[in-house]
Visitor: 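Handing you this structure, nothing more for now.
Not measured: the values here are computed from a predicted model. In what follows, chains are A, B, ... by sequence order, proteins preceding strands, each numbered from 1. The figures here come from the full heavy-atom set of this structure, side chains too, leaving out hydrogens, waters and symmetry mates.
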Protein chains: 2
Amino acid sequence: MVTIKDVARLAGVSISTVSRVLNNNSHPVNSETKERILSAIEELGFYPNAIARGLQANKTKTIGLILPDIGNPYYPGIVRGVEDVAHELGYTLILCNADRSRERTQEYVRVLRENRVEGIIFTGGGIAQDAQQGNFSEKDAVATVVIGKHWSNLPSVQVDNVKAAREACEHLLSFGHRQIATVTGPESSTTARDRLEGYRQGLATLGLTEHPEWIILGDFEVDSGYRAVAQLPRLGREGITAIFAQNDLMAIGVINALQQRGMKVPDDVAVVGFDDIPLASFVTPKLSTVAIPVYELGMTAMKVLAKLLVGQETESVTILETKLELREST
Amino acid sequence: MVTIKDVARLAGVSISTVSRVLNNNSHPVNSETKERILSAIEELGFYPNAIARGLQANKTKTIGLILPDIGNPYYPGIVRGVEDVAHELGYTLILCNADRSRERTQEYVRVLRENRVEGIIFTGGGIAQDAQQGNFSEKDAVATVVIGKHWSNLPSVQVDNVKAAREACEHLLSFGHRQIATVTGPESSTTARDRLEGYRQGLATLGLTEHPEWIILGDFEVDSGYRAVAQLPRLGREGITAIFAQNDLMAIGVINALQQRGMKVPDDVAVVGFDDIPLASFVTPKLSTVAIPVYELGMTAMKVLAKLLVGQETESVTILETKLELREST
DNA sequence: CGTTTTCCGGAAAACGTTTTCCGGAAAAGG
DNA sequence: CCTTTTCCGGAAAACGTTTTCCGGAAAACG
C-alpha cells in the first residue's frame, strides 16, 4: 500500500507537509513544494487511508441504515433517498437487513457501533425499541433517527397514518360506500394500529357503526390479503362494496381474490391500498392508494441526522404529507 | 469513548492481556484474570474499535456493492443475496448507487478504496469497464467480482442471456407464432445485445427471415416498451402475434399499450418478458418471463468474492440457470 | 538442588493519519 | 542594522488496537 510516507519521500518533504496539502490546511505551504507533492501523489497513485484518518479524527463519515428487508418494495425508495443525501454530504452508507428480528437488529447495532458509524437510521416498526434496549447507554448513544412511529424519544420522520387512513375511508364514503371492510396489519405494528384507528375515525364521521366482522387481521403480505376476502361476509351489492387494505401488497391480494370470484373491481367492490409501491400503478385495475413519499422520507431522515451530527437543533418529529392517489380501483 | 485502556485499568492488567482475551489469543491467560477482564468489559460496556483494528490489521471486513439504482426492481434481490452471505461471513456492506454514470462510479470506487474495503461487487452493465480504467493499476487492485457480462478478466457471475432469449423465442415459436417482434435494451448494453442475439438464433432455428422493422430499440424502461408498440407494423392476426420484450419493465409497457389499443393479451398478441421482477406476477395478465435468479446471483457473487479474499482459486465465470416462467401472457 | 520448561503478564513497536509545537530563514518595519 | 513578523517546514505525539519480544515465577525434570 502506498502511504503518505512514500509520497513524502518522493517529494523530499516531511509527512506533515504532505498532510497539509492533502487537507489544504490553513498552514501555508510553498506553492512549488505543493506542486512537487501533488505530482508525487499522482505518480504513486496515492489516496489517503480513511481508516487511519478515522482513527485519528474519531470520525468515519459513515452511517448505518437498518431496515427489515430491502426485498420489500417499500424500502428501496427510502434507501435511495438516504443514500442520495448521504452521498452528497460525503457520507458512506452501510446497509443492514434485520428482518424485524430483535436479535439480528441488536447484532447489527453492535457491528455499526464497532465500526464507529457516526449515525444510524432505523426503519421498520418495532425495531427502534430493540435498538435502544441495553445497547445504548444514555451517555454514549450514537446519533439516531427513526423513520416511522415509535415510542422512544429519538427524532423521527413519519407520516400521519391515522389521518391518511381516515381520508382514504372518507373518500370511499363520499363515493357512497357504506359497508367498508378493512384488512389490517399485524397487531404488534404501530402503523397498523394507526391505520385501523383512521378507518374507525372515517366511519365515525358519518356516525356509522362499526362491524367487527368487517375487520380482518392481516400481516402486510400479499397472501393475507388474498385470504382475507374469504373471511368476509356477503360481498358486492347488498354487502360489502369497498375494502380498505392497509397496505398495497394486501390490496393486490384482495384484488386477485376478488377477481377470482368473478367480482369486478371497482364496480362490484372498490379497493384502496396504502403505500403506493411501484407495483400499484401496474396492476389491473391500477390501484388507488395512499402514497407515502418514501424517497422524501429517506432524504429527510438523512438530513435530520446530518443536523444532529453537526450539533444543530432538530425537530423531534417531522411529518411528511401523504397523497391519495386515485386510480382505477375505486 | 471507552477503550481497551480503560478496561485494562479497571481490571488491573495491561492492555496486552485485555487484547488477548478479546481475541482469545493462543497466548495463555490465567482464568481468574480473564474473569476480571470480562467483568470489567461488561461493567464499562466496552466494545472494540473496528477502525483501530482495521488500521493495525489492515483488514476492514467490509465490502462495497456498486449498482445502478436500488430503486430498479431488479436489484433489491441481488443486494439481499449479497448482504445475506456477507453478513454470515462477518462482512459489512457499503451500498453505492452509481446511476450508470461513469463519473459517479469512479467516485464511488475511490471512496471504497479510501475506506479500504476488502472487495467490491459490481453490477449494472458497462460499469465494470469504468471501474477498471485508470482506477485500478494492476498491482494494487481491490478484489472484484462482477455480476453480469463484461469485457474485463474479472471473475463474474452471470446468466446465459443468449440461450435464455433463444428459449423464450422458441417457446413462442412452438405456440405457432411466426411474426415475432422484439423490444431491445440500449445498444450499449451487452445484456441487450445478447438477448437480441438469442432472439435471432431463435428465429433461425426455424429458418425464419429477420425483419428489421420488427426490432424496436428500447432502453429497459417502461415507457420505451409503451412507445415501441406504436412503431410496430400491423399487430394481431395477419400481423405480429407475439412480442419479446427484453426486460419486464418494457414488457409491462408493451402490455399497457396493447390493451389501450383494445388488443387482448395473449389472444391477439402474446408477450414475454425477461428478468421476472416481483411485479411480473402481479400485472394482468400475469407476465410470462425468463426468470433470473437474482438472489442466487448476489449470493454467489459474494461467495466468489469471499474465496478471492482468502486467496482461494475461483472459477472465472459462473453461469447460473434461468428459468422460463410461463404465466398468462403467452 | 540445579536446570529446563511452562505459564503468565507487561513494554513497546507498528498501522497511517492529523495536529500541535517548535524553529529557522526571509521579509518587513523601524 | 537590528527587531519583529511572516512564511515555511519538520519532529513528535496521539488515535485504539494487535503482536512481538522479553522476563519473572512457578512447575517439571534430572
Visitor: Starting at the 5' end of DNA chain C, which residue's closest nucleotide do you reach first, Lys34(B) or Arg53(A)?
Guide: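 The residue whose closest nucleotide sits nearer the 5' end is Lys34(B).
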
Visitor: Once you apply a heavy-atom cut-off of 4.0 Å, does Thr3(B) come out as touching a base, just sugar-phosphate, or nothing?
Guide: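 Sugar-phosphate: the residue Thr3(B), judged by heavy atoms under 4.0 Å, touches backbone atoms but no base.
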
Visitor: On the side chain of Arg20(B), is there an atom forming a donor-acceptor pair with the base of dG10(C) - under 3.5 Å, no angle test?
Guide: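 Yes, the side chain and the base share a sub-3.5 Å donor-acceptor pair.
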
Visitor: What's the CD1-C1' distance between Ile15(B) and dT19(D), to the nearest Å?
Guide: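 Roughly 11 Å, once rounded to whole Å.
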
Visitor: Are Asn23(A) and dT18(C) close enough that a side-chain N or O sits under 4.0 Å from OP1 or OP2?
Guide: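 Answer is yes, contact under 4.0 Å.
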
Visitor: Which residue lies toward the 5' end of DNA chain C, Arg36(B) or Val18(A), if each is placed at its nearest nucleotide?
Guide: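 That would be Arg36(B).
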
Visitor: Is a salt bridge present between Glu315(A) and Lys307(A), judged by a nitrogen-to-oxygen distance below 4.0 Å?
Guide: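 Salt bridge flag = yes for Lys307(A) with Glu315(A).
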
Visitor: Round to the nearest Å and state the distance from Glu114(A) atom CD to dT18(D) atom P.
Guide: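 In whole Å, dT18(D) P and Glu114(A) CD are 11 Å from each other.
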
Visitor: With a 6.0 Å cut-off on ring centres, are Phe122(A) and His150(A) close enough?
Guide: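 No, the ring of Phe122(A) stays outside the 6.0 Å limit from the ring of His150(A), centre to centre.
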
Visitor: Please give, in whole Å, the distance from dA14(D) C1' to Leu55(A) CG?
Guide: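 About 9 Å, once rounded to whole Å.
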
Visitor: The side chain of Ser14(B) is closest to which nucleotide in this list: dC8(C), dC7(D), dG10(C)?
Guide: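 When the side chain of Ser14(B) is considered, dG10(C) is the closest of dC8(C), dC7(D), dG10(C).
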
Visitor: When you measure from the side chain of Ser19(A), which nucleotide among dT17(C), dG16(D), dT18(C) comes out closest?
Guide: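 Shortest atom-to-atom distance from the side chain points to dT18(C).
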
Visitor: Among dG9(C), dG10(D), dG16(D), find the nucleotide with the atom closest to the side chain of Met1(B).
Guide: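 Selected nucleotide (nearest to the side chain): dG16(D).
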
Visitor: Given dG10(C), dT19(C), dC15(C), identify the nucleotide with an atom nearest to the side chain of Lys5(A).
Guide: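 Nearest to the side chain of Lys5(A) among the choices is dC15(C).
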
Visitor: Would you say Thr17(A) reaches dC8(D)'s phosphate, i.e. side-chain N/O to OP1/OP2 under 4.0 Å?
Guide: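 Looking at the OP1 and OP2 atoms of dC8(D), neither is under 4.0 Å from any side-chain N or O of Thr17(A).
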
Visitor: Of the nucleotides dG9(C), dG9(D), dT17(D), which one has an atom closest to the side chain of Phe46(B)?
Guide: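 That would be dT17(D).
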
Visitor: Go through dG9(D), dT20(D), dT17(D) for me and flag the one nearest to the Asn49(B) side chain.
Guide: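 My answer, after comparing the listed nucleotides, is dT17(D).
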
Visitor: What is the separation between atom CG on Leu22(A) and atom C1' on dT18(C), rounded to the nearest whole Å?
Guide: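 Whole-Å distance recorded here is 10 Å.
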
Visitor: Just checking, is any N or O donor in the side chain of Ser101(B) or Glu103(B) under 3.5 Å from an acceptor N or O on the other one?
Guide: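 No, no side-chain donor-acceptor pair sits under 3.5 Å.
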
Visitor: Given atom CG of Asn30(A) and atom P of dC8(D), what is their separation to the nearest angstrom?
Guide: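 Computing the Asn30(A):CG to dC8(D):P distance gives 5 Å.
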
Visitor: State which of dG16(D), dG9(C), dG9(D) makes the closest approach to the side chain of Gln56(B).
Guide: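 It is dG16(D).
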
Visitor: Counting only Watson-Crick or G-U wobble pairs whose two distances fall under 3.5 Å, which nucleotide matches dC21(C)?
Guide: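 Checking every strand shown, dC21(C) finds its partner in dG10(D), with both distances under 3.5 Å.
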
Visitor: Can you tell if the side chain of Ile63(A) reaches within under 4.5 Å of the side chain of Val82(A), non-hydrogen atoms only?
Guide: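 Ile63(A) vs Val82(A): side chains touch.
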
Visitor: With Leu308(A) as reference, evaluate Val145(A), Leu154(A), Thr144(A), Val142(A) under the side chain to side chain contact (heavy atoms under 4.5 Å, CB included) test and give the passing residue.
Guide: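 Among Val145(A), Leu154(A), Thr144(A), Val142(A), the one that satisfies the side chain to side chain contact (heavy atoms under 4.5 Å, CB included) with Leu308(A) is Val145(A).
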
Visitor: NE2 of His27(A) versus P of dA11(D): gap in Å, rounded?
Guide: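 From His27(A) NE2 to dA11(D) P: 13 Å.
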
Visitor: Could you state the NZ-C1' distance from Lys59(A) to dT18(C), rounded to the nearest angstrom?
Guide: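 Interatomic distance, NZ of Lys59(A) to C1' of dT18(C): 14 Å.
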
Visitor: Choose from dT18(D), dG10(D), dT18(C) the nucleotide whose nearest atom is closest to any side-chain atom of Ser16(A).
Guide: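 Of the options given, the side chain of Ser16(A) lies nearest dG10(D).
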
Visitor: Any Lys/Arg nitrogen of Arg104(B) or Asp84(A) sitting under 4.0 Å from an Asp/Glu carboxylate oxygen of the other?
Guide: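 Yes, Arg104(B) and Asp84(A) are salt-bridged.
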
Visitor: What is the distance from CD1 of Ile37(A) to P of dG9(D), rounded to the nearest Å?
Guide: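 That distance rounds to 8 Å.
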
Visitor: Once you apply the 3.5 Å cut-off to both distances, tell me the Watson-Crick or G-U wobble partner of dC29(D), or none.
Guide: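 dC29(D) is paired, partner dG2(C).
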
